[in-house]
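Quick notes on the structure that follows.
Chain letters run A, B, ... following the sequence lines, proteins first and then strands; every chain starts at 1. Worth saying up front: this structure is predicted, and the values here are computed from it rather than measured.
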Protein chains: 2
Amino acid sequence: MNIGEIARRAGVSRSTVSYALSGKRSISPATRARIQAVIDELDYQPSAAARALSSGQTQTLGLVFPPAGSHYTDMQLDFIGSLVEAAAGFGYDVLLAAAVGDGRQGLRRLVAERRVDGAVLMEIRLDDARVDYLAAAGFPFVTIGRVGEPEHTRWVDLDYTALVRSCVSHLAQLGHRRVALVNRSERLFRAGYESAHRSLTGFERACAEYGVVGTTHLCGDDAAAGEDVIGRILVADPATTALVTVNEAALGGLYRGLAAHGRRIPQDFSVTGIAAGRWAAAVTPQLTAADVPAVEMGRVAVELLLELLATPDAPPRHVLLTPPVSLRASAGPAPASDD
Amino acid sequence: MNIGEIARRAGVSRSTVSYALSGKRSISPATRARIQAVIDELDYQPSAAARALSSGQTQTLGLVFPPAGSHYTDMQLDFIGSLVEAAAGFGYDVLLAAAVGDGRQGLRRLVAERRVDGAVLMEIRLDDARVDYLAAAGFPFVTIGRVGEPEHTRWVDLDYTALVRSCVSHLAQLGHRRVALVNRSERLFRAGYESAHRSLTGFERACAEYGVVGTTHLCGDDAAAGEDVIGRILVADPATTALVTVNEAALGGLYRGLAAHGRRIPQDFSVTGIAAGRWAAAVTPQLTAADVPAVEMGRVAVELLLELLATPDAPPRHVLLTPPVSLRASAGPAPASDD
DNA sequence: CTCGCCGGTCGAACCGGTTCGATGAACGTA
DNA sequence: TACGTTCATCGAACCGGTTCGACCGGCGAG
């Protein structure tokens with residue numbers, strides 16, 4: 001079932017069918033109706049491949065999927081879900097590329113084989129080979145997260161620095177003077193993940209600003225690592241009374257570790273952080289945290305990308321989000337000091 | 001940069017380049033080397049659209065993404081991740097289709113526009129319009145989960161009936177006599193989600209088999225609903241001493257609800273179920289549960305689908321998985337009865 | 001020496017759309 | 001009445017691959 005068959009049955013030429021479908025030239029109402037009738041009868045849909053070949057547009061966006069072996073978080077799932085939905089709203093599909101190695105392999109498939117019109121990158125590093133590759137190739141892309149020098153790219157990101165600062169500020173107001181940061185894993189930090197680095201920066205600055213003594217800790221992305229890091233925190237500074245976590249996958253472990261060390265939340269120890277709302281609500285007591293607006297971020301990413309496709313020469317636009325800290329139950333006044 | 005340019009620079013015809021690339025006819029080593037040199041120099045990659053158009057194969061698999069508005073679970077994320085990776089291993093990409101309405105809309109894009117060579121469906125209902133549509137269209141597909149009459153389709157699924165039975169069996173051995181089932185949401189149950197229905201069946205049968213009094217409860221897919229359902233369970237049968245949950249998103253809420261009602265886990269109340277390992281490990285005490293082998297399921301789905309693409313006439317193959325119940329800390333002997 | 005076969009290569013058709021330039025009919029205007 | 005427009009439509013070229021049949025030269029067998 002192709003456009004030629006439709007044309008034949010409607011008694012017109014192939015180009016007329018094409019114009020009737022695209023609306024790029026005027027077609028008489030009578031002809032248009034006849035063509036539409038044939039299309040409806042045969043349930044015709046134009047071939048995506050043929051259309052892509054001749055028009056040069058695939059109506060598909062690429063998403064470079066987080067590297068293999070990393071522990072997926074809910075945040076990522078929400079990104080994907082909202083990307084797919086937002087893209088569908090504009091008539092685009094989303095193609096997933098497995099990121100192997102530094103992620104350029106998967107990109108090659110997307111870009112060099114021209115499978116997609118534009119790409120969305122996530123899990124961004126401060127110095128990201130994929131971003132450099134796409135920028136050099138002149139291929140349209142946006143990032144969820146931003147590189148170290150983000151002025152010339154388009155992105156949507158959380159302001160980790162400010163969010164961690166808000167958490168520290170909140171804890172300081174509650175009287176806490178010794179606070180720990182639970183960061184992402186050593187592997188991700190070493191790889192230069194921007195969220196891990198910006199969180200660290202924000203934490204150190206905020207501690208200085210609020211006169212708080214801070215210790216920082218890398219932590220694997222699972223419950224066992226979270227449980228483990230509590231011990232390390234209390235060794236590093238036994239007087240620690242609060243923590244800020246940007247590691248949502250470790251959250252359950254943090255709670256368990258605190259309980260194991262006899263710290264009740266929030267009476268003995270306060271917990272705050274940045275997390276998907278689902279995780280924040282799953283733990284008891286519920287987590288006082290900045291909720292990651294993952295759905296909004298996915299939607300914005302698609303909008304930025306389509307904007308870029310429509311007007312390639314427009315200056316880069318960025319969206320930096322700073323969701324408020326939702327006050328739940330895991331942070332309270334600092335316990336009376338023993339000093 | 002197209003195949004004609006490569007041919008010109010290598011001093012051969014376009015078809016020779018094509019055959020050198022595909023290996024479908026023999027090419028002299030000298031010619032092959034010359035062509036390869038040009039390809040390497042220009043970093044040439046054939047256009048996916050052109051290839052798809054002429055060969056009729058897209059090297060892409062479609063995945064119908066869970067309907068909008070549903071709460072995504074970790075299980076789904078793991079499916080997607082493993083699908084993408086497994087597909088990449090075979091040289092395939094994965095295209096996501098947003099499921100709107102009953103999901104046929106998104107499928108139309110995939111199938112009628114011939115964007116993919118085959119499709120993977122998840123979130124299967126006992127009576128699933130998408131499955132009927134694909135079967136009627138003769139389009140290659142596999143399902144993660146299975147319909148009510150699954151003999152003629154290809155699928156990989158968890159044996160919910162058996163897994164729930166294992167949980168009940170385990171609880172019965174521990175002396176529990178009054179057990180609750182926490183099922184998925186009313187919306188999903190009404191829609192005919194197979195996991196919700198088979199879990200219910202398995203639970204009722206197992207209760208009869210082990211002489212256990214069971215109550216069953218639908219429960220929304222979030223922590224608040226989980227907290228809420230505990231009250232309903234204790235109203236329905238105040239003597240309940242254990243539950244089986246197939247609702248991983250509600251898990252944190254179940255724990256909180258039990259604590260709110262003064263039930264300690266596992267001393268006063270035992271919890272078992274089916275969940276992604278990550279959630280099972282995140283709660284305290286860790287959940288005694290059958291861990292969903294999501295990664296394996298995704299991989300198997302891809303294998304089944306590629307098998308189907310390679311040999312369309314082979315009889316349907318199924319894989320029914322029954323992972324063991326991991327004994328963790330949330331289930332213990334039934335408390336002494338008050339009777 | 002000649003014939004037949006086979007490995008290697010070429011040219012052309014084809015996949016199913018899009019798009020440009022041309023064409024013809026209808027219509028308003030000078 | 002002749003001419004310039006505008007509208008609707010057509011034909012052909014093109015996008016960039018794959019694949020089939022044909023062709024050519026060299027080699028082994030008869």
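- The CD-P distance, from B:Q57 to C:dC15, rounds to 16 Å in whole Å.
- Residues A:L305 and A:G118 approach most closely at CD2-C, 3.8 Å, considering heavy atoms.
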What are the atom names and distances for every N/O pair under 3.5 Å that joins the protein to nucleotides 5-8 of chain D?
unit_1: D:dA8; atom_1: OP2; unit_2: A:S26; atom_2: OG; d: 2.5

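- In the set C:dT18, D:dT19, C:dC15, C:dC15 carries the atom at the smallest distance from any side-chain atom of B:L53.
- Overall, the helix from C:dC1-D:dG30 to C:dA30-D:dT1 carries an axis bend of 50° between its ends, with five pairs at each end and the value rounded to 10°.
- What separates CZ of B:R51 from P of C:dG16 is a distance of 18 Å, to the nearest Å.
- Taking 4.0 angstrom as the limit, B:Y19 places none of its side-chain polar atoms (N or O) nearer than this to OP1 or OP2 of D:dC20.
- Counted by atom type alone, B:S18 and B:S15 present zero donor-acceptor pairs between their side chains at under 3.5 Å.
- Shown are A:D157, A:D127, A:D128; of these, the salt bridge (Lys or Arg N to Asp or Glu O under 4.0 Å) with A:R146 is made only by A:D157.
- Per the geometry, CE belonging to A:M1 stands 10 Å off P belonging to C:dG17, to the nearest Å.
- As a whole-Å value, the separation of B:Q45 CD from D:dG17 P is 10 Å.
- Within the 4.5 Å cutoff, the side chain of B:V116 has no heavy atoms near those of the B:L61 side chain.
- Annotation: side chain of A:E41 is not in contact with side chain of A:Q36 (no heavy-atom distance under 4.5 Å).
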### Message
Walk me through whether B:V12 and B:R34 qualify under side chain to side chain contact (heavy atoms under 4.5 Å, CB included).
### Response
CA-CA 10 Å; B:V12 297; B:R34 198 147 29 92; 4.1 Å; yes

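- Separating the CZ atom of B:R34 from the C1' atom of C:dC10 is a distance of 14 Å, rounded to the nearest angstrom.
- Taken to the nearest 0.5 Å, the CD1 atom of B:I80 stands 12.5 Å off from the CD atom of B:E85.
- Note on A:K24: every side-chain N or O is 4.0 Å or more away from OP1 and OP2 of C:dT18.
- Taking atom CD of A:E113 as the reference point, atom C1' of D:dG17 lies 12 Å away to the nearest angstrom.
- Checked by atom type, the side-chain pair A:T60/A:D93 shows no donor-acceptor distance below 3.5 Å.
- Look at CG on A:L21: it is 16 Å from P on C:dG16, rounded to the nearest Å.
- Ion pairing between a basic and an acidic side chain is recognised when a charged N comes within 4.0 Å of a carboxylate O; A:D43 and B:R108 show such pairing.
- In terms of heavy-atom proximity, A:A119 sits nearest to A:L134 at CB-CD1, 4.4 Å.
- Listed by residue number, the members of residues 7-16 of chain B with any heavy atom below 4.0 angstrom from DNA chain C are B:G11, B:V12, B:S13, B:R14, B:S15, B:T16.
- Remark: P of C:dC15 and CD1 of B:I3 are 18 Å apart, rounded to the nearest angstrom.
- Salt bridge A:R317/A:E307: present, at least one basic N to carboxylate O contact under 4.0 Å.
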